[in-house]
Amino acid sequence: MRFVTGTIWLAVISLFLLSSSAAIDLRTHLSTCAGDLSTPGGSYVLDQNVSGYNLDTGSCFRVTADNIILDCGGYALNGIKVNESSQIDGIDVSGNNVTVTGCEVANYSYGINVEADLATIKNNTIHDIVEGAVNIEWVDGDNATIFNNTIYSAYYAVYDPQGHDFLNASFNSIRDAVHGINVIGNNTVISFNSVSDGIEEGISWSRGWNGTVSNNTLYNCTLLSTSYGGAIQLYQTHNAIVSGNNASFGQMGIDLLNTFNSVLRNNVANNNSLMQFSTGSWHDDNSYADIDTSNTANGEPIYYWYNASNLVIEGLSLTSANTSDCKIFCGECRNVTIRNSVFSNNMGGGYAGVCLASANDSLVYNNTFEGNDNGVFFTGGANTLISSNRFSSNGYGISIEIGSNTTVSANNFTSQTTAAVEIYSSEPDYTVTGTRLQDNYGSGNAVWFASDGDPEWWGVVKDGIELAYYGVSSTGPVESNIYLGIGVIAVNSSANPALNTSATVTLSFSGACPATLYYYGDYATDLGTIMAGGHLCNETSTPSCTSISCSSNTVTFTVEHFDSYGAEGTVVPEFPGLTALAAIALAGAGYALVGKRKRA
């Protein structure tokens, strides 16, 4: 019995010692800004609010070893008010596989600055930060997890300017940040975040592959300017999945630019003042994007096709204001028909009813375009017929940039703000060829030729009379500064000095060859005024008319610069009446072939 009793007491004593040992707290307790946390595998806890920073490190805490946990237990790190020229950080992380949790970090240059791999930043509140609340930078920083943090009043909420891989930013609540989540890199996940009240982009992911942006809610994300940005912005990304996001009551909703081979599903953008949904599709920048009609803008489906064939799109009524840059976009499409539909109220930022980019053999027929910046925007395609449509109160009815063999016929143009048809080349050597304008009617300026650089276009036909005009007008409708009439070409070069160029002119005139040419040193549209107030123009006059040739009621000659020129034939035939004259004059546009002369 004594032996048994002694054994029992020995066991009790052993259990007591073991339980006492288990209760020992092996964590390191912090009560000041301690500088370096440098014990590998260490666990650090904060016991009270702390303020300021460590003079040696320039931060409150600097985590320099691997596998460390810093748990603030809800206590605060309160820095000093700093400006952009200072860098005083709350927590600097340079060790790998570090977790920072439960911290309130305020009034620092950077809240939590990560320069290592496998960082986990979770359950923190970070606010009043001059630069980045959570900042991932330098060479290291892959596999970062930013989870369930509350961030407000920061310039960047989550910022990765260097381009790290496998960043996951999810379930964060962000408000009142100039930039919400702004990251670069591959295999990025940005999901289930709430972002509101920013003044630039809410979520921006750029220059990366294989990312997911899903189920985020963005509210009142307004732009500092009307440049690219928005609630959600993707730029130069590949293989993205963008789904289930809601972007509302800001300026830009969802803004895509160069998003290749990406899938967009079930995204909603409503009540944004500038635009709901930008596909960046003016020049087919979003090649291979898969965007279906589950995406909506102000309640309207997004109609976007790439590399589609044999489509018939009809019976649509897309009238909500400023839904997308193109209410219908078709890039690299073939044999597409768009007919019997209404496209309206897409105005304010260069938007369009229908955009065709590198689309061939297409038909746009019997549609109504009203109140858009562009009714139809066409670039880079061929063999397209735009016919029997009604264009009213658009900036341009039809804008053609880079293309061939486009026919614009039997359309009704009424009260376009700038011009019924714009023929535009935006880069040197871009061309518009074989375009035919025939049998159109209505009111407003007929054609605006615009250029940037030294482009070329030719083969434009109106009512069977060819107009070939080489890049001299860059700022206004042709009719406002150029008059083409029978025997007259007048250029108001005082109003637009860019028009004052040397050129080769082919001009129709009344009479038979040889023709007599006159120059008048001001803007005049009447042949009698030019003849009476001007002087003969030939090889020896100043300015001169050279390389003169005359054939079949047309005369071709080269001029040094522009004011007004007239041509009178030797015999004046009788005309049947004003009707024939009006037909020839093309509603004030006349028959003239102007070729920009290349200077030696």
Side-chain angles (χ1 to χ4, degrees), residues 282 338 343 347 350-357 359 362-426 430-452 455-482 484 585-594:
W282 290 106
I338 302 171
F343 307 94
M347 182 170 281
Y351 316 140
V354 169
C355 296
L356 300 174
S362 300
L363 171 64
V364 181
Y365 175 78
N366 197 35
N367 302 285
T368 296
F369 299 90
E370 182 175 5
N372 308 288
D373 288 316
N374 299 270
V376 176
F377 181 85
F378 179 83
T379 179
N383 305 322
T384 290
L385 173 62
I386 304 172
S387 178
S388 303
N389 302 283
R390 294 161 298 281
F391 295 90
S392 174
S393 302
N394 304 283
Y396 298 97
I398 300 168
S399 182
I400 300 172
E401 178 189 270
I402 315 168
S404 61
N405 302 326
T406 303
T407 298
V408 178
S409 70
N411 299 284
N412 183 0
F413 296 98
T414 305
S415 303
Q416 315 311 312
T417 303
T418 307
V421 179
E422 176 195 38
I423 298 177
Y424 177 73
S425 292
S426 62
Y430 281 8
T431 59
V432 176
T433 65
T435 301
R436 179 175 296 273
L437 281 68
Q438 61 186 24
D439 302 322
N440 300 288
Y441 59 100
S443 62
N445 295 324
V447 182
W448 179 351
F449 295 90
S451 66
D452 178 12
E456 295 179 345
W457 47 77
W458 56 85
V460 179
V461 179
K462 180 181 174 65
D463 293 336
I465 298 179
E466 184 172 352
L467 301 172
Y469 186 84
Y470 280 58
V472 296
S473 174
S474 59
T475 60
V478 167
E479 287 78 5
S480 68
N481 292 314
I482 299 176
L484 304 176
L586 297 174
Y591 167 25
L593 186 64
V594 183

Here the pair of heavy atoms bringing Phe391 nearest to Gly397 is CE2-O, 3.3 Å
Of all heavy-atom pairs linking Ser362 and Leu356, the shortest is CB-CD1, 4.3 Å
Item to check | Donor-acceptor contact present, side-chain Asn389 to main-chain Asn366, <3.5 Å | outcome: yes
Side chain Thr379, main chain Glu401, donor-acceptor under 3.5 Å
yes
* To do: Report yes if some heavy atom in the side chain of Val408 is under 4.5 Å from a heavy atom in the side chain of Ile400; otherwise report no.
  => yes
Point to revise | Phe369 side chain near Asn411 side chain, heavy-atom distance below 4.5 Å | key: no
Between Asn374 and Ser399, the two heavy atoms sitting closest are OD1-CB, 3.3 Å
ask   = Does Asn367 reach the main-chain N or O of Phe343 with its side chain, forming a donor-acceptor pair under 3.5 Å?
value = no
dist Asn394:CG -> Asn372:CG (nearest 0.5 Å) comes out at 5.0 Å
Note: Met347 and Asp373 closest approach over all heavy atoms is CG-OD1, 3.2 Å
Note to self: Are Ile398 and Val364 packed together at the side-chain level, in the sense that at least one heavy-atom pair is separated by less than 4.5 angstrom?
What the structure shows: no
Using only atom types and a distance under 3.5 Å, with no angle test, would you say the side chain of Thr407 pairs donor to acceptor with the backbone of Leu385?
no
> Is there a donor-acceptor pair closer than 3.5 Å between any side-chain N or O of Gln416 and the backbone N or O of Thr414?
Replying inline: yes
